[in-house]
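Each chain gets a letter, A, B and so on, in the order its sequence line appears, and its residues count up from 1.
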Amino acid sequence: MEKRYNHSAQEPRIFEFWERRKLFEARISPDKKPFTIILPPPNANADLHVGHAMYVYEDIMIRFNKLRGREVLWLPGFDHAGFETQFVFEKHLKKQGKSRLDFDRETLYQMIWDFVEENKPKMRAQLKRLGFALDWSKERFTIAPEVVRVVYDTFKRLFDAGLLYRKERLVNYCWVDGTSFSDLEVDYVERQTKLWYLKYPVKGEPGAYLTIATTRPETMLGDTAVAVNPKDKRYAGFIGKTLILPVVNREIPVIADEMVDPEFGTGAVKITPAHDENDWQVAQRKNLPLIQVIGFDGRLIQEAGRFAGLKINVAREAILEVLKESGALEKEQDYTHRVGVCYKCGTIIEPLPLEQWFIAIKPLALKAIKRIKDDEITFYPKKFKRQAIQILERYHDWNISRQTVWGIRIPAFRKNGGKWIVELDPEKQKQLLADGFEQDPDTFDTWFSSGQWPFATLLSLDGSTNPSEGGELFKYFYPTSVMETGHDILRAWVARMIMLGDFATGKVPFEQVYLHGMVRDKNGQKMSKSKGNVVNPVEYMDKYGADALRAALIFGTKDGGDTNISEEKTLGMRNFANKIWNIGRFIRMNADWVEEGPKPDAPIFTDKDAKKALKTIEKLEKRAAVVRKQYLIFMSSGKFSKGLELLYKFLWHEFADSYLETLKDAMRSRSDTGKTALKTLQEVYLETLVMLSPFIPFVTEAVWQEFHGQNSSILEAVSLRDLS
RNA sequence: GGUCGCGUAGCUCAGCUGGUAGAGCGUUGCAUUCACAUUGCAAAUGUCGGGGGUUCAAGUCCCUCCGCGACCACCA
C-alpha cells in the first residue's frame with residue numbers, strides 16, 4: 001500500500017470496477033424488498049454545479065439500503081427543461097449574433113436537441129465521477145418518445161376526466177421570451193415608480209369628475225369601467241353614472257365592487273380587464289367588456305389608435321403628455337411597489353388575455369392533501385409537511401401551455417376554431433392534419449412532464465403507458481421509496497408530482513420526501529457568478545477526491561438546512577480519507593508481521609501487559625457495539641450528518657488515537673494476545689469501513705480490496721442486516 | 001401583511017424529549033527515523049443576541065424586545 005491514499009489513481013479504477021461488475025443494476029428480486037429513488041433529473045443544458053453534488057444524499061440512502069439487503073434502484077435521467085433550455089440555447093445564439101426568430105420551428109428544435117445530446121455525456125461523466133450508484137442501464141429522458149407517450153396519456157386522461165380545460169384568461173406573459181408562464185415563474189421585485197392621479201369627467205355634468213390613481217397610465221386606453229367601494233360614502237352618488245375616458249373619449253360606467261380599498265389612492269380604481277388580474281376578476285363578476293391594448297410583442301396594438309406600435313414605456317410617456325395637456329393629469333407622486341418580472345430575463349411580466357390549457361387543480365390538490373395528512377407520504381424534515389399542505393391549499397389552476405419550440409408539443413387539434421380534440425395515435429393525427437385540422441402550436445410546461453417523472457420513467461422502461469396495467473419494473477419498484485430534492489422546489493415540483501402521481505396511478509409517487517437545503521460558500525453566502533464564490537465540484541474532486549467533496553457536503557450540517565462548502569473543509573475530509581487508508585495500511589502491516597512469526601527484536605511483553613491489552617480489547621468491542629447501534633439509529637432516521645460525524649470521531653479519535661496506540665505493543669510482541677488484538681482491531685475497522693462506505697465509497701472500497709482482493713466489493717460482501 | 005426559521009469559541013456551524021457547552025477549520029506550544037506532517041500530544045478562547053418568566057435546574061420550555069434570513073400573499 002502506498003504511504004498516502006491516492007484518490008486520482010483509485011477513484012477511476014474503482015468506479016470502472018463497479019460498472020464492470022454491474023453492481024448498480026437493479027433487478028426484480030421477488031424475495032427482496034425494493035428501495036427506489038428516481039434521480040431528480042438535471043437540466044441537460046449545462047455542466048454540473050455543486051448543487052448537483054447534493055445528490056450524495058440519495059447515494060447515501062441507496063448504498064445504505066443496499067447494505068441492508070434491499071433491492072435498490074437509483075434511476076438516472078435528464079430533463080429537457082423546456083423553456084429553461086431554450087433560454088440557455090438562445091444565449092448561445094446571441095453570442096453568434098443570432099436569435100430564435102432566425103430559424104423555423106423544426107430547425108430550432110433540432111438544433112436544441114443536438115445541443116442537449118452534446119451535453120449529456122459530460123454530465124453523465126460528472127455524475128460518475130462523484131461515485132453515484134446510478135443504474136445507467138435505465139437512463140431516461142423527459143422528451144424521449146417513449147416517455148412522451150406516457151405524458152400524453154396522462155394529458156388525455158386529464159382531458160377525459162374534465163380536469164383539463166382550455167380557456168382565455170389573463171396569463172403571465174414575457175414578451176421578450178415570447179411565452180406565458182405559470183404563477184410560479186413570476187418573481188416580484190421592488191420598483192420605484194409614480195402614482196399618477198387622473199381625472200375622468202362625468203358625462204353630462206360639466207366640471208364634475210372622478211379622480212383615479214394608477215401606476216399604469218398607458219393601460220387607461222383599455223379601461224372599461226371605474227370602480228368604487230359600495231360602502232364608500234364619498235362616491236355613493238357616482239355609482240351608475242357614466243364617465244368620459246380622457247384621450248379616447250369613450251364612455252365607461254362607474255361600478256361598485258368590494259375589491260376596492262377606500263383607503264388607497266383616491267378610493268376610485270380604473271378597471272382594465274385585459275391587463276390586470278384583479279380587474280379581470282371584476283370584469284368577470286360585472287360582465288364588463290375586454291379591450292386589449294397591449295400586444296404580445298410588448299407594443300401597443302391597433303386598439304390603441306394613434307399610440308399603436310409604441311413600446312409600453314414609450315407609450316406611457318406619450319399618453320401622460322396628452323393627459324397633461326388636456327388637464328386630465330391631476331398630480332403625480334413617488335411610489336414604490338412590487339412588480340412581477342420574468343424569473344429568467346427580468347422583463348416586467350404583462351398580464352395578457354390568452355387561450356391556454358389549464359389544469360383544474362382543486363380536485364387534485366385535495367386528494368394530495370389527504371395523502372399527506374394521512375401520512376401516506378412522510379416528510380423529512382418534518383416541518384415541510386405543513387408547508388406542503390399549505391402550498392397545495394393555495395394552488396391556482398395551472399397553465400401548462402408554453403409558446404416555446406423546445407418542449408413536448410401539445411397533442412390537441414381543432415379545425416377552423418372549432419372544438420378541441422386530443423388525439424394520441426400518430427396515424428390518426430396524420431389523418432386529422434390531412435382533414436384540415438391544426439395542432440396547437442404550444443408545448444407543455446416542462447414541469448408537466450417532470451411532474452410525472454416517478455411513474456413515467458418506470459412505465460416507459462416497461463414499454464407501457466398505462467399505470468393500471470404497468471409492467472414488471474413499474475409493479476415492482478413503484479411507488480418509489482424516497483424523493484430527495486431541494487426544498488426550493490417543493491412547490492414547483494414535489495407538490496405537482498404528488499398530484500399527478502395520484503391522478504395517474506392512484507398511488508402516491510413516493511413514500512417519503514427528503515429535502516435538503518442550498519449549498520452556500522464558507523461564509524454562508526449564496527453562490528453566484530457575480531460574487532465569484534462559485535465552487536466548481538470537478539475542481540474540488542481533482543484536488544481532494546470525490547470522497548472529500550461528498551463528506552464535506554454532509555459533515556457538520558443540519559439535515560434539511562443549508563450546507564456550507566469550503567476548500568478548508570474539503571481538505572479536512574481529504575485528510576480523513578487518508579487517515580482511513582493509513583489505519584488500514586497499519587493493520588495490514590501488522591498482519592504480515594504476525595504471519596512471519598516471531599521477530600528477534602520484539603519488545604518484552606509481560607503477563608501484566610497482556611492483561612491490560614485484553615481489557616482494552618474488551619473495551620473496544622463494547623464501544624464498537626454502541627457505535628454500530630447509534631449509527632443504525634441515525635441512518636434509519638435520515639440523520640446522515642450525525643452518522644458520519646459519529647464514525648469520524650470514533651475511527652479517528654478513538655480507534656486510531658487510543659485503541660490502536662494502546663495495542664501497538666501487544667501486536668509487536670506477536671504473542672497470542674497480540675493476535676487477538678489484531679483480529680479484533682481488524683474486525684472493528686472493516687465493519688467501520690462498511691458503515692462509512694455510503695458516505696465515502698471510494699476510499700473504503702480501496703482499503704476493502706487491500707484486505708479482500710481487487711475483485712471484491714463492500715457492496716457484495718457484506719450486509720448490514722448482520723449488524724443490527 | 002402571513003408562515004417558517006436563525007442569532008452558541010476568531011470563522012462556519014452541531015447541540016434530540018431541560019441537568020452548569022461541542023465539532024471542523026484557524027490560533028499557540030511541544031513531539032517526530034518506528035502506519036499517517038494529508039501526523040500525534042497538549043493548550044487557549046464562549047455572561048449560548050438583550051430583558052423577563054416557569055423550574056431544584058434552561059442555549060434547551062414560555063413571554064417580550066433587538067438584529068438577520070427564507071418562502072408566500074398583496075397594494076390600483
Side-chain angles (χ1 to χ4, degrees), chain A residues 1-7 183-184 188 195-198 212-217 219-220 223 226-227 257 259-261 263-272 275-279 282 335-340 381 383-384 386-387 390-391 393-394 396 487-488 490-491 517-518 520-526 543-545 548 551-552 555-590 601 603 633-634 637 639 641-642 644-646 648-649 652-653 656-658 660-661 664-665 667-668:
Chain A
M1 285 173 87
E2 287 182 60
K3 197 170 170 183
R4 287 181 187 170
Y5 172 61
N6 182 350
H7 67 263
D183 294 340
L184 309 194
Y188 288 88
L195 202 53
W196 288 275
Y197 289 77
L198 310 180
I212 57 93
T214 182
T215 55
R216 301 208 56 190
T219 64
M220 66 154 304
D223 286 2
V226 166
D257 195 281
M259 150 272 203
V260 182
D261 175 8
E263 304 289 316
F264 190 88
T266 62
V269 192
K270 68 198 262 313
I271 300 296
T272 322
H275 300 295
D276 181 275
E277 180 59 33
N278 280 322
D279 295 2
V282 173
Y335 184 61
T336 305
H337 75 151
R338 291 157 61 80
V339 292
K383 64 173 177 181
F384 289 113
R386 201 162 51 159
Q387 210 163 310
Q390 216 173 54
I391 282 169
E393 281 170 348
R394 294 183 188 176
H396 295 141
H487 62 60
D488 55 326
L490 177 58
R491 185 186 182 80
M518 305 292 96
R520 293 167 175 275
D521 75 0
K522 62 175 168 179
N523 300 314
Q525 297 290 309
K526 256 187 192 163
K543 277 169 113 166
Y544 308 112
F555 200 90
T557 63
K558 189 180 175 179
D559 300 304
D562 291 345
T563 183
N564 294 14
I565 185 87
S566 66
E567 186 138 13
E568 294 89 330
K569 195 170 164 190
T570 313
L571 187 134
M573 293 301 125
R574 189 275 315 261
N575 293 353
F576 179 47
N578 186 59
K579 188 73 187 180
I580 293 170
W581 174 263
N582 269 293
I583 295 169
R585 181 163 160 242
F586 182 60
I587 292 175
R588 286 291 300 160
M589 284 168 80
N590 278 290
D601 61 342
I633 291 171
F634 286 144
S637 58
K639 292 175 181 161
S641 175
K642 291 271 163 297
L644 175 59
E645 284 169 44
L646 170 76
Y648 176 99
K649 233 183 277 182
W652 196 330
H653 299 300
D657 290 349
S658 170
L660 210 54
E661 288 298 327
K664 244 180 191 174
D665 286 342
M667 285 192 290
R668 263 191 219 126

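A:Lys569 places its NZ atom 22 Å from the P atom of B:rU38, with the value rounded to the nearest Å. Atom C1' of nucleotide B:rC4 and atom CZ of A:Arg386 are separated by 7 Å, given to the nearest angstrom. Rounded to an integer number of Å, the gap from NZ of A:Lys649 to P of B:rC25 is 13 Å. Atom CZ in A:Phe555 sits roughly 8 Å away from atom P in B:rC25 (whole-Å rounding). Rounded to a whole Å, the CD atom of A:Glu661 is 8 Å from the C1' atom of B:rG40. Between the NE2 atom of A:His487 and the P atom of B:rG69 there is a distance of 16 Å, given to the nearest Å. Distance A:His653 NE2 to B:rU39 C1': 11 Å, rounded to the nearest Å. Atom P of nucleotide B:rC41 and atom CH2 of A:Trp652 are separated by 10 Å, given to the nearest angstrom.
Taking atom C1' in both B:rG46 and B:rU8, one finds a spacing of 8 Å when rounded to whole Å. Across B:rG50 and B:rG7, the matching P atoms stand 13 Å from one another, rounded to whole Å. Comparing B:rC25 with B:rC65, their C1' atoms sit 35 Å apart, to the nearest whole Å. For the C1' atom pair drawn from B:rC48 and B:rC13, the interatomic distance equals 13 Å after rounding to whole Å. Nucleotides B:rG1 and B:rC74 have their C1' atoms positioned 8 Å apart, rounded to a whole Å. Look at the C1' atom in both B:rA23 and B:rA14: the space between them is 7 Å, to the nearest Å. Straight-line distance between the C1' atoms of B:rA58 and B:rG26: roughly 31 Å, to the nearest whole Å. Atom name P, nucleotides B:rC36 and B:rC41: the rounded distance is 15 Å, in whole Å.
Every residue was checked against the side chain to side chain donor-acceptor pair (under 3.5 Å) condition with A:Lys569, not counting sequence neighbours, and none meets it. By the ring pair (Phe, Tyr, Trp, His ring centres under 6.0 Å) test, A:Tyr544 is found to be paired with no residue, residues two or more places apart in sequence or in another chain being considered. Not counting sequence neighbours, the partners of A:Lys639 by the side chain to side chain contact (heavy atoms under 4.5 Å, CB included) test are A:Tyr380, A:Asp559, A:Phe634, A:Ser637, A:Lys642. Evaluation of the side chain to side chain donor-acceptor pair (under 3.5 Å) rule for A:Thr570 yields no partner, not counting sequence neighbours. By the ring pair (Phe, Tyr, Trp, His ring centres under 6.0 Å) test, A:Phe384 pairs with A:His487, sequence neighbours left out. For A:His396, there are no ring pair (Phe, Tyr, Trp, His ring centres under 6.0 Å) partners two or more places apart in sequence or in a different chain. In this structure A:Lys3 satisfies the side chain to side chain donor-acceptor pair (under 3.5 Å) test with no other residue, sequence neighbours excluded. Residues passing the side chain to side chain contact (heavy atoms under 4.5 Å, CB included) test with A:Ala268 are A:Leu210, A:Ile212, A:Val226, A:Val228, A:Tyr235, A:Thr266, sequence neighbours excluded.
A cation-pi arrangement is absent between A:Lys579 and A:Tyr648, since the terminal nitrogen or guanidinium carbon is not both under 6.0 Å from the aromatic centre and inside a 45° cone about the axis.
Remark: side-chain polar atoms of A:Asn578 are paired, donor with acceptor, to backbone N or O of A:Tyr5 under 3.5 angstrom.
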Report, one pair per line, the protein and nucleotides 9-15 of chain B atoms (nitrogen or oxygen only) whose separation is under 3.5 Å.
residue : atom : partner  : partner atom : Å
B:rU12  : O4'  : A:Lys522 : O            : 3.3
B:rU12  : O3'  : A:Asn564 : ND2          : 2.6
B:rU12  : O2'  : A:Asn564 : ND2          : 2.5
B:rC13  : OP1  : A:Asn564 : ND2          : 3.3
B:rC13  : O5'  : A:Asn564 : ND2          : 3.4
B:rC13  : O2'  : A:Gly556 : O            : 2.7
B:rA14  : O2'  : A:Lys642 : NZ           : 2.5

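Distance check, rounded to the nearest 0.5 Å: CG of A:Asp562 to OG1 of A:Thr557 gives 9.5 Å. Note that CG of A:Leu571 is 9.0 Å distant from NZ of A:Lys543, once rounded to the nearest 0.5 Å.
The side chain of A:Gln390 approaches B:rU3 more closely than any other nucleotide in the set B:rU3, B:rC25, B:rA35.
In this structure, the side chains of A:Lys664 and A:Asn590 stay at 4.5 Å or more apart for every pair of heavy atoms.
In this entry the base of B:rG59 is syn relative to its sugar, with a glycosidic angle within 90° of 0.
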Seminar exercise, completed: For RNA chain B, the expected dot-bracket line (Watson-Crick or G-U under 3.5 Å, [ ] crossing, | inter-strand) is (((((((..((((........)))).(((((.......))))).....(((((.......))))))))))))....
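When all heavy atoms of A:Thr563 and A:Ala552 are compared, the closest pair comes out as OG1-O, 4.5 Å. For the residue pair A:Ala213 and A:Gly265, the shortest heavy atom distance occurs at CB-CA, 4.1 Å.
Residues from residues 573-581 of chain A lying near RNA chain B, meaning a heavy-atom separation below 4.0 Å, are A:Arg574, A:Asn575, A:Asn578, A:Lys579 in numerical order.
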Exercise. What is the per-nucleotide protein-contact pattern of nucleotides 71-76 of chain B, from the 5' end, where B denotes a base atom under 4.0 Å from a protein heavy atom, S denotes such proximity for sugar-phosphate atoms only, and - denotes neither?
Worked result: -SBBBB
